[in-house]
Novice: 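Before I ask anything, let me first share the structure, which is written out below as structure tokens.
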Amino acid sequence: MVWKPAEIQEGLEIAVVGRVLHVFEEVGSTNDEAARLAEAGAPEGTAVLAERQFRGRGRLGRRWESPAGLGIWTSILFRPPLSPEEAPLFSLLGGVAASEAIGEVTGHLAGLKWPNDVMVAEKKAGGILAELQTEGRKVSHLVLGIGLNVNHTRDDFSEGLRNRATSLRMAEGKEVSRLQLLRVLYVKLDHWYDRLLREGPAPLLARYRTLCLTLGREVQVQGEGETFTGEAVDLSPRGELVVRLPTGDLRTVMAADVTLRGSSPEARRSGDVAGH
Ligand code: BTN
């Protein structure tokens, strides 16, 4: 079933996100559609939504399973007056909005694994893919892609994913309204984008810290050509992860694959945040 844009937008309190909405039965990737619209001059806040993606993408070129009718596969176009160095904040913005939307609809906030994983019951229930187009020192546009596994059963995931992925339905034990979740997601994205522009990154970072499952944990960081371990201690003002090495030195990590290791009192407390 393909929703009409008006069904999604009706009565929504949004200023920017989703004010123009393109809904497709299927596309390769909603991020690609949004980038195409961006090149054609689409206004900021334009959103693309698909029932199914046949070439859904995750970070680091990974495939993102996006079957019909089970999830939310959407991308939003931003033209932020920010520098390219501040763009990683958008992954965090997407995560906070997704977690809060899930919290509002199911009663259980999702946890966030830095930088872009939406976690429920210690498994991945969603992901964020922010893709940036620059023009010299400026951001010409940024596409924020969000994928949420909503009504999958275990069998809806490929075998390789079953142990690592979950859906809101699997965690809640009942179906979750995708329409309601999508509407709340756009409102949350709109809210946090507005706050980011008006107040700077501090409130967003503060909120992310409360939802983040990575801080306080021992992590293994696989960067370009090197691997190291340390304790994730904070976020930088640009949303990077600050890791304390065994030597006591601090390292700031931007785009890397972070694996959580061991557990800690913090981790158990964060588990409660996820609430599943
Ligand atoms: C990740 O966890 O690696 C990011 C996953 C992002 C998936 C979403 S689904 C909507 C948008 N379109 C894509 O092709 N990817 C993102």
Side-chain angles (χ1 to χ4, degrees), residues 2-3 8 17-18 21-38 42 46-78 87-99 101-102 110-120 122-133 141-152 156-158 160-161 163-168 178 181-182 185-186 188-189 208 211-214 222 239 241 254-260:
V2 178
W3 295 306
I8 298 164
V17 173
L21 180 55
H22 299 264
V23 186
F24 296 92
E25 176 98 47
E26 68 168 22
V27 293
S29 157
T30 54
N31 267 36
D32 292 343
E33 286 307 319
R36 253 191 286 281
L37 289 163
T46 297
V48 175
L49 175 76
E51 275 293 284
R52 164 174 182 263
Q53 299 182 114
F54 53 84
R55 214 174 294 119
R57 264 203 317 281
R59 272 179 76 233
L60 310 170
R62 291 174 188 142
R63 203 167 76 84
W64 183 261
E65 293 182 8
S66 324
L70 297 179
I72 288 179
W73 325 124
T74 190
S75 302
I76 298 99
L77 164 65
F78 292 96
L89 288 167
F90 277 80
S91 289
L92 308 193
L93 191 153
V96 165
S99 172
I102 290 169
L112 299 173
K113 194 182 135 213
W114 185 89
N116 73 322
D117 292 350
V118 178
M119 304 296 289
V120 166
E122 290 175 30
K123 289 187 178 177
K124 185 154 167 164
I128 316 292
L129 181 65
E131 293 181 315
L132 181 67
Q133 183 69 45
H141 69 252
L142 184 145
V143 171
L144 183 64
I146 301 179
L148 298 176
N149 303 329
V150 183
N151 283 323
H152 302 53
D156 292 315
F157 292 106
S158 66
L161 267 193
N163 292 331
R164 288 180 287 133
T166 192
S167 74
L168 302 182
R178 283 188 307 139
L181 183 62
L182 178 69
L185 177 66
Y186 286 161
K188 297 288 182 189
L189 288 166
Y208 191 92
L211 299 167
C212 184
L213 304 174
T214 312
Q222 265 171 304
L241 191 67
M254 213 171 89
D257 236 5
V258 170
T259 316
L260 300 180

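Note that ligands are numbered from 1 as they come in the structure, with each ligand's atoms numbered from 1 the same way.
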Novice: For atom 8 (C) of ligand 1, which protein heavy atom lies nearest, and how many Å away is it?
Specialist: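 That would be Gly147 N, 3.6 Å.
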Novice: Which of the numbered atoms in ligand 1 are below 4.0 angstrom from a heavy atom of Thr74?
Specialist: 10 (C)
Novice: Between Leu142 and Ala130, what is the shortest heavy-atom contact and its length?
Specialist: CD2-CB, 4.4 Å
Novice: Applying the side chain to side chain donor-acceptor pair (under 3.5 Å) test to Asp32, which of Arg55, Arg57, Gln53 qualifies?
Specialist: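 Only one of Arg55, Arg57, Gln53 forms a side chain to side chain donor-acceptor pair (under 3.5 Å) with Asp32, namely Arg57.
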Novice: To the nearest 0.5 Å, tell me how far Leu161 CG sits from Thr166 OG1.
Specialist: 11.0 Å
Novice: Record the part of Leu60 in heavy-atom contact with ligand 1 below 4.0 Å; permitted values are side chain, backbone, both and neither.
Specialist: neither
Novice: Please list, in number order, the atoms of ligand 1 under 4.0 Å from a heavy atom of Asn116.
Specialist: 1 (C), 2 (O), 3 (O), 4 (C)
Novice: Please check: side-chain N/O of Trp114 versus main-chain N/O of Gly239, any donor-acceptor pairing under 3.5 Å?
Specialist: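 Judged by distance alone, yes, a pair lies under 3.5 Å.
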Novice: List every atom of ligand 1 that sits less than 4.0 Å from any heavy atom of Gly56, numbering the atoms from 1 in the order shown and giving each element.
Specialist: 14 (O)
Novice: With nothing but distance in play, are any N or O atoms of Gln53 less than 3.5 Å from an N or O of ligand 1?
Specialist: yes
Novice: Heavy atoms only: which of Lys124, Arg57, Lys113 is nearest to atom 2 (O) of ligand 1?
Specialist: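 That would be Lys124.
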Novice: Please identify which atoms of ligand 1 are closer than 4.0 Å to at least one heavy atom of Asn31.
Specialist: 11 (C), 12 (N), 16 (C)
Novice: For Ile128, take its heavy atoms, then give the atoms of ligand 1 lying under 4.0 Å from any of them.
Specialist: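 Per the distance check, 4 (C).
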Novice: Of all the non-hydrogen atoms in the protein, which one sits nearest to atom 10 (C) of ligand 1, and at what distance?
Specialist: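 Protein heavy atom with the smallest distance to atom 10 (C) of ligand 1: Thr30 OG1, 3.2 Å.
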Novice: Hey, which atoms in ligand 1 end up nearer than 4.0 Å to a heavy atom of Ile146?
Specialist: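 Contacts of ligand 1 toward Ile146, numbered from 1: 8 (C), 9 (S), 10 (C).
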Novice: At a non-hydrogen distance cut-off of under 4.0 Å, which region of Arg62 contacts ligand 1 (side chain, backbone, both, or neither)?
Specialist: neither
Novice: Is the backbone N or O of Ser167 less than 3.5 Å from a side-chain atom of Asn149, with the two atoms forming a donor-acceptor pair by type?
Specialist: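 No: the side chain of Asn149 does not pair with the backbone of Ser167.
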Novice: Against heavy atoms of Leu129, which atoms of ligand 1 measure under 4.0 Å?
Specialist: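 Close to Leu129: 6 (C), 15 (N).
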Novice: Ignoring hydrogens, what is the shortest heavy-atom contact between Trp64 and Lys124? Give both atom names and the distance.
Specialist: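 Where Trp64 meets Lys124 most closely, the heavy atoms are CZ3-CE, 3.6 Å.
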Novice: Do Arg55 and ligand 1 have an N or O pair less than 3.5 Å apart?
Specialist: no
Novice: Please give me the minimum heavy-atom distance between Phe157 and Glu65, naming the atom from each residue.
Specialist: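 Looking at all heavy atoms of both residues, the closest pair is CA-OE1, 3.7 Å.
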Novice: What protein heavy atom sits nearest atom 3 (O) of ligand 1, and how far off is it?
Specialist: Arg59 N, 2.6 Å
Novice: Between Arg52 and Gly69 (side chain of the first, backbone of the second, donor and acceptor by atom type, cut-off under 3.5 Å), is there such a pair?
Specialist: no
Novice: Do Ser75 and Glu33 have a side chain donor and acceptor closer than 3.5 Å?
Specialist: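 Looking only at side-chain atoms, Glu33 and Ser75 do not form any donor-acceptor pair under 3.5 Å.
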Novice: In terms of residue, atom name and distance, what is the protein heavy atom nearest to atom 5 (C) of ligand 1?
Specialist: Trp64 CE3, 3.5 Å
Novice: Please test Ile146 against Ile72 for side-chain contact (heavy atoms from CB on, under 4.5 Å), starting from the C-alpha separation and ending with a verdict.
Specialist: CA-CA 7 Å; Ile146 301 179; Ile72 288 179; 5.6 Å; no
Novice: Between Asp32 and ligand 1, find which residue part has any heavy-atom pair under 4.0 Å and reply side chain, backbone, both or neither.
Specialist: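 Under 4.0 Å from ligand 1, Asp32 contributes no heavy atoms.
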Novice: Please evaluate residues Leu49 and Val23 with respect to the criterion side-chain contact (heavy atoms from CB on, under 4.5 Å), reporting the C-alpha separation (whole Å), side-chain torsions for both, the decisive distance (0.1 Å), and the verdict.
Specialist: CA-CA 5 Å; Leu49 175 76; Val23 186; 4.1 Å; yes
Novice: List ligand 1 atoms under 4.0 Å from Ser75, heavy atoms only on the residue side.
Specialist: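 In order of number, 11 (C).
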